[in-house]
2 protein chains.
Amino acid sequence: MLRLSKRVEYGLIAVRHIAALHVGTVVTAKEISDRYHIPFDLLAKILQRLSKSGLVIAQHGVKGGYSLSKSPDQIPLSLIVNAIEGRQVVAVCISEKNEDCRISETCTIKSSLFKIQNNVDQIFSTMLLSEIV
Amino acid sequence: MLRLSKRVEYGLIAVRHIAALHVGTVVTAKEISDRYHIPFDLLAKILQRLSKSGLVIAQHGVKGGYSLSKSPDQIPLSLIVNAIEGRQVVAVCISEKNEDCRISETCTIKSSLFKIQNNVDQIFSTMLLSEIV
DNA sequence: GGAATCACGACTCTTTCGGTCGTATTTGAA
DNA sequence: TTCAAATACGACCGAAAGAGTCGTGATTCC
């Protein structure tokens, strides 16, 4: 309960590493995988998501690799987390349009859940990548 | 990821209900189960944990049921959550003595994870049961 | 003594998560 | 122009966690 996924952990490590690169240089998934002992295939998939979201820039082919698309002080952790996992919520009733929570009608804690959600969101939108490099 | 368990959701609903009782009265697991459409067996187990932790008082036998052990403004949500699920952490490296995180030696985000953990903890220790009744 | 209630642990089923694999595509350089 | 190194993508599998059920026992009131 209330765990971050391994994907997010690995993603944070990877993005932090990329953020620490000298400008103009790139790093490959393989290098990061070796350096931090992260399963290559898994890391590759994570970096693909980060690339797809535009947060990191992928360069294909030989001499390819990843670099950061903008300054670390412009990147809240929420951007990284959302790129990897999409919007995450503490309970189904937060996100679902059709209330597919079985007990929705009688639920008495919706407002509390929303408050918790807002506070959790704020944690990640407040912390910047630049703080953790 | 970052989800509250159903146990915690149900527990919050139940404790909130108990907190709203007139003093001197009790409510049974069955009544709460019916009222909020929560699976009885599951709810019973949750209430047992809450009882074991001393947060609610269980009265056995006919005319038995549950009541609150102290004033709702003395009960942060963290107390409820911990009673139900024990201490929960956002990543293994937060709690484990023997670092059984496989990549512990090379992990570069420990301090960030701790910061996230502290902020999450604060959410639940700050919100009081009295606020959600 | 019986009915209503809480207590506890074992068990099953489902979903989520972590991780792997196969294949395609892009790119730089020999 | 060919090949190797790299990213891209989706399908798949096994393990772990989560949700829910069941059986049995203990306590209390009438």
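Only a predicted model underlies this, so the values are computations on that prediction, with no experimental measurement involved.
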What integer distance in Å separates [X]:[atom1] from [N]:[atom2]?
X	N	atom1	atom2	value
A:Ile13	C:dG18	CD1	P	13 Å
A:Ile57	D:dA6	CD1	P	19 Å
B:Ile46	C:dC8	CD1	C1'	15 Å
B:Lys6	C:dT14	NZ	P	17 Å
B:Leu2	C:dC17	CG	P	10 Å

### Message
Strictly by salt bridge (charged side-chain N to carboxylate O under 4.0 Å, His left out), give each pair with a member in residues 72-95 of chain B just once, sequence neighbours left out.
### Response
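Checked against salt bridge (charged side-chain N to carboxylate O under 4.0 Å, His left out) - neighbours excluded - the pairs reaching residues 72-95 of chain B are B:Arg7-B:Glu85, B:Arg87-B:Asp121.
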### Task
If a pair satisfies salt bridge (charged side-chain N to carboxylate O under 4.0 Å, His left out) and one of its residues is in residues 46-59 of chain A, list it, with sequence neighbours excluded.
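Residue pairs with at least one partner in residues 46-59 of chain A: there are none.
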### Task
Could I get the full list of salt bridge (Lys or Arg N to Asp or Glu O under 4.0 Å) partners for A:Lys115, not counting sequence neighbours?
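By the salt bridge (Lys or Arg N to Asp or Glu O under 4.0 Å) rule, A:Lys115 matches B:Glu131.
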### Message
Can you list everything that forms a salt bridge (Lys or Arg N to Asp or Glu O under 4.0 Å) with B:Lys30? Sequence neighbours excluded, please.
### Response
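Checked B:Lys30 against salt bridge (Lys or Arg N to Asp or Glu O under 4.0 Å); matches are B:Asp34.
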### Nucleotide-resolved protein contact map, nucleotides 25-30 of chain D, B/S/- at heavy-atom distance under 4.0 Å
--BBB-
### Task
Sequence neighbours left out, what passes side chain to side chain contact (heavy atoms under 4.5 Å, CB included) with A:Val62? Give chain and number order.
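A:Val62: no side chain to side chain contact (heavy atoms under 4.5 Å, CB included) contacts found.
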#### Entry: Pairs meeting criterion ring pair (Phe, Tyr, Trp, His ring centres under 6.0 Å) with involvement of residues 4-31 of chain B, two or more places apart
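Qualifying pairs, neighbours excluded: B:His17-B:Tyr36.
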### Query
Are A:Asn119 and B:Thr126 side-chain neighbours, meaning at least one heavy-atom pair lies under 4.5 Å?
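A:Asn119 does not reach B:Thr126 side chain to side chain.
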#### Entry: Sequence neighbours excluded, every pair satisfying side-chain hydrogen bond (donor to acceptor under 3.5 Å, both in side chains) that has a member inside residues 74-83 of chain A
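Sorted result for residues 74-83 of chain A: empty, none.
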### Query
With sequence neighbours left out, which residue pairs that include part of residues 59-68 of chain A fulfil the side-chain hydrogen bond (donor to acceptor under 3.5 Å, both in side chains) condition?
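Applying side-chain hydrogen bond (donor to acceptor under 3.5 Å, both in side chains) to every pair that reaches into residues 59-68 of chain A, excluding sequence neighbours, yields nothing.
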Do any N or O atoms from the side chain of [X] and from the backbone of [Y] form a donor-acceptor pair under 3.5 angstrom?
X	Y	value
B:Arg3	A:Val89	yes
A:Ser33	A:Ile38	yes
B:Ser69	B:Gly54	yes
B:Thr28	B:Gly65	no

Atom pairs, protein N/O to nucleotides 10-17 of chain D N/O, distance under 3.5 Å:
residue: D:dA11; atom: N6; partner: A:Lys45; partner atom: NZ; Å: 3.3

### Task
Check whether any side-chain N or O of A:Ser51 sits under 4.0 Å from OP1 or OP2 of D:dA8, and answer yes or no.
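Yes, A:Ser51 has a side-chain N/O under 4.0 Å of OP1/OP2 on D:dA8.
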### Below 4.0 Å: OP1/OP2 of C:dC17 and any side-chain N or O of A:Tyr10
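No, outside the criterion.
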### Message
Just to be sure I understand the geometry, which residues of residues 14-44 of chain B put a non-hydrogen atom under 4.0 Å away from DNA chain C?
### Response
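Heavy-atom contacts with DNA chain C come from B:Thr28, B:Ala29.
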### Message
Taking the nucleotide of DNA chain D with the nearest heavy atom to each, does A:Gly65 or B:Gln88 sit closer to the 5' end?
### Response
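Nearer the 5' end of the strand: A:Gly65.
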### Query
At how many degrees, to 10°, do the end axes of the helix from C:dG1-D:dC30 to C:dA30-D:dT1 meet when each uses five pairs?
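Between the first-five-pair axis and the last-five-pair axis there is 10°.
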